Amino acid sequence: MTNPEPNPESRVFVRKKRANNTLEIKAEVPKTEPPEEKKLRDLPDIEEFAYGKVKGSASLRQSKPTVDELSTGCGETVSIMPKVEAPTNWEQVLEGIRKMRSSEDAPVDSMGCEKAGSVLPPKERRFAVLVSSLLSSQTKDAVTHGNSGAVQRLLQNGLLAADTIDNAEEAVIKDLIYPVGFYSRKASNLKKIAKICLLKYGGDIPSSLEELLSLPGIGPKMAHLVMNVGWNNVQGICVDTHVHRICNRLGWVSRPGTAQKTSSPEETRESLQLWLPKDEWVPINPLLVGFGQTVCTPLRPRCGMCGINNLCPSAFKETASPVSKAKKSRPTQKKS
DNA sequence: ATCCCGGTGC
DNA sequence: GCACCTGGAT
């Protein structure tokens, strides 16, 4: 097969199993025959596993190492760790959330910038996706804040293209996109974005993450969304506050090298991308957003009605009613 | 870390 | 009235 590894002789494949906190190391150093394909296929992605870093590697490389040699004889001289390991039962967790989501209606279901300009030619459609993303950014959801209506009004007024927006008065844009959140700032950003797209990208939108991020009002969350939906090019997971919160509650992400929660959506994105198979990168967002809107809410999550409360390490741990922030210490709520 | 438009809900 | 929401900007 197409083995991507450059130097098979120096490779050490390892797995770390977390059952009972015991560490199991499996090593395979191919000599004449390739590594067993079956075992490699169990791994989510070959790139996600670190190469064995061998200190004093001469003996290891010359003698054929076995599991015993690695764990006993060479155990301390070999640093073999997978970069990350997928959390236990993550697939059951996702399936459980999918089941909950299939019966519930969340606001996220009725929105989505992917609908924006779906009847337009590609370039116009992409621009509509960008505008829709900008308008829906930093708002609770598109429906209650009139995002889709705003896009419609822009379209009906011929103001869903870089050149026309560039020529339009900012006040006109502002009135048309009202009542989306931050409509004033967004009108200003929209004018700037239109000019940039016109001058630098021929009226199209930037096709790289970096260039999208350089646009005013476009941060990581929307940049990844636009890459996913606008260009059908998945560069990363679109992590919003729901994905951030839920992944931490599930113990799916952590600060690098620690078991602590991630401190920002960006940190969550990087941590999540280390193990989540790429097939799930796009669907994870609407799935967890809907779950976060209906069940795993920021305040008082409905753990009692949650179908995965048996799999969630945070289940029933935030059920105390936070009456006030001042009362941080709540001695009566803690058991033993 | 703090601010933010403005709608919402406590 | 006041805090909250939300992701980008500073």
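Quick caveat, the model's predicted, so the values are computed rather than measured. Residue numbers begin at 1 in each chain, while the letters A, B, ... track the order of the sequences.
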message = On the nucleotide C:dG7, are OP1 or OP2 found under 4.0 Å from the side-chain N or O atoms that A:His244 carries?
response = no

Separation of C:dC4 atom C1' from A:Arg245 atom CZ, nearest Å, is 13 Å

note: A:Gln138, atom CD; C:dG7, atom P; distance rounded to Å ~ 8 Å

The reported gap from CD1 in A:Ile97 to CD1 in A:Ile284 (rounded to nearest 0.5 angstrom) is 7.0 Å

Hits for side-chain contact (heavy atoms from CB on, under 4.5 Å) against A:Ser137, two or more places apart or cross-chain, chain-then-number order -> A:Met222

Whole-Å distance, A:His224 NE2 to C:dG8 C1', equals 15 Å

For residues 192-202 of chain A, the side chain to side chain donor-acceptor pair (under 3.5 Å) pairs (sequence neighbours left out) are A:Asp166-A:Lys195, A:Tyr201-A:Glu211

A:Gln156, CD atom: more than 12 neighbouring heavy atoms under 6.0 Å: yes

Sorted by chain and residue number, the side chain to side chain donor-acceptor pair (under 3.5 Å) partners of A:Ser314 (sequence neighbours excluded) come out as none

Check: P atom, C:dG8 versus B:dT8: distance in rounded Å?
Finding: 23 Å

So, with a heavy-atom separation below 4.0 Å from DNA chain C, the residues of residues 256-268 of chain A are none

Next item on the list: Report which part of the nucleic acid A:Thr241 touches: base, sugar-phosphate, or nothing (heavy-atom distance under 4.0 Å, all strands).
Entry: sugar-phosphate

For A:Ser271, the side chain to side chain donor-acceptor pair (under 3.5 Å) test, sequence neighbours excluded, returns none

Rounded to whole Å, the CD-C1' distance (A:Gln293 to C:dC5) equals 12 Å

Checklist line | Span that lies between the P atom of C:dA9 and that of B:dG7, in whole angstrom | finding: 22 Å

Those residues at least two apart in sequence (or on a different chain) that pass side-chain contact (heavy atoms from CB on, under 4.5 Å) with A:Asp240 are A:Lys221, A:His242, A:Val243, A:Asn285, A:Val289

Rounded to whole Å, the CG-C1' distance (A:Leu225 to C:dT6) equals 14 Å

Atom CD1 of A:Ile246 and atom C1' of C:dT6 are separated, to the nearest Å, by 15 Å

Give me the distances for all protein-to-nucleotides 1-3 of chain B N/O pairs that come in under 3.5 Å?
none

A:Ala162 meets the side-chain contact (heavy atoms from CB on, under 4.5 Å) criterion, sequence neighbours left out, with A:Phe127, A:Cys197, A:Leu198

Between CE of A:Met222 and P of C:dT6 the distance, given in whole Å, is 12 Å

A:Asn189 CG to C:dA9 P, in whole Å, measures 7 Å

Contacts of A:Ser214 meeting side-chain contact (heavy atoms from CB on, under 4.5 Å) (sequence neighbours excluded), chain-then-number -> none

Taken in chain and number order and not counting sequence neighbours, the residues that satisfy side chain to side chain donor-acceptor pair (under 3.5 Å) with A:Lys123 are none

d(A:Lys186 NZ, A:Ile193 CD1) to nearest 0.5 Å is 11.0 Å

Going by atom type alone, with no hydrogens or angles, which donor-acceptor pairs under 3.5 Å involve a side-chain atom of residues 224-234 of chain A and a protein atom two or more places apart or on another chain?
unit_1	atom_1	unit_2	atom_2	d
A:His224	ND1	A:Pro220	O	3.0
A:Asn228	ND2	A:His224	O	3.3
A:Trp231	NE1	A:Pro206	O	2.8
A:Asn233	OD1	A:Gln235	NE2	2.8

Contact check, residues 203-221 of chain A vs DNA chain C, heavy-atom distance under 4.0 Å, returns A:Leu215, A:Pro216, A:Gly217, A:Ile218, A:Gly219, A:Pro220, A:Lys221

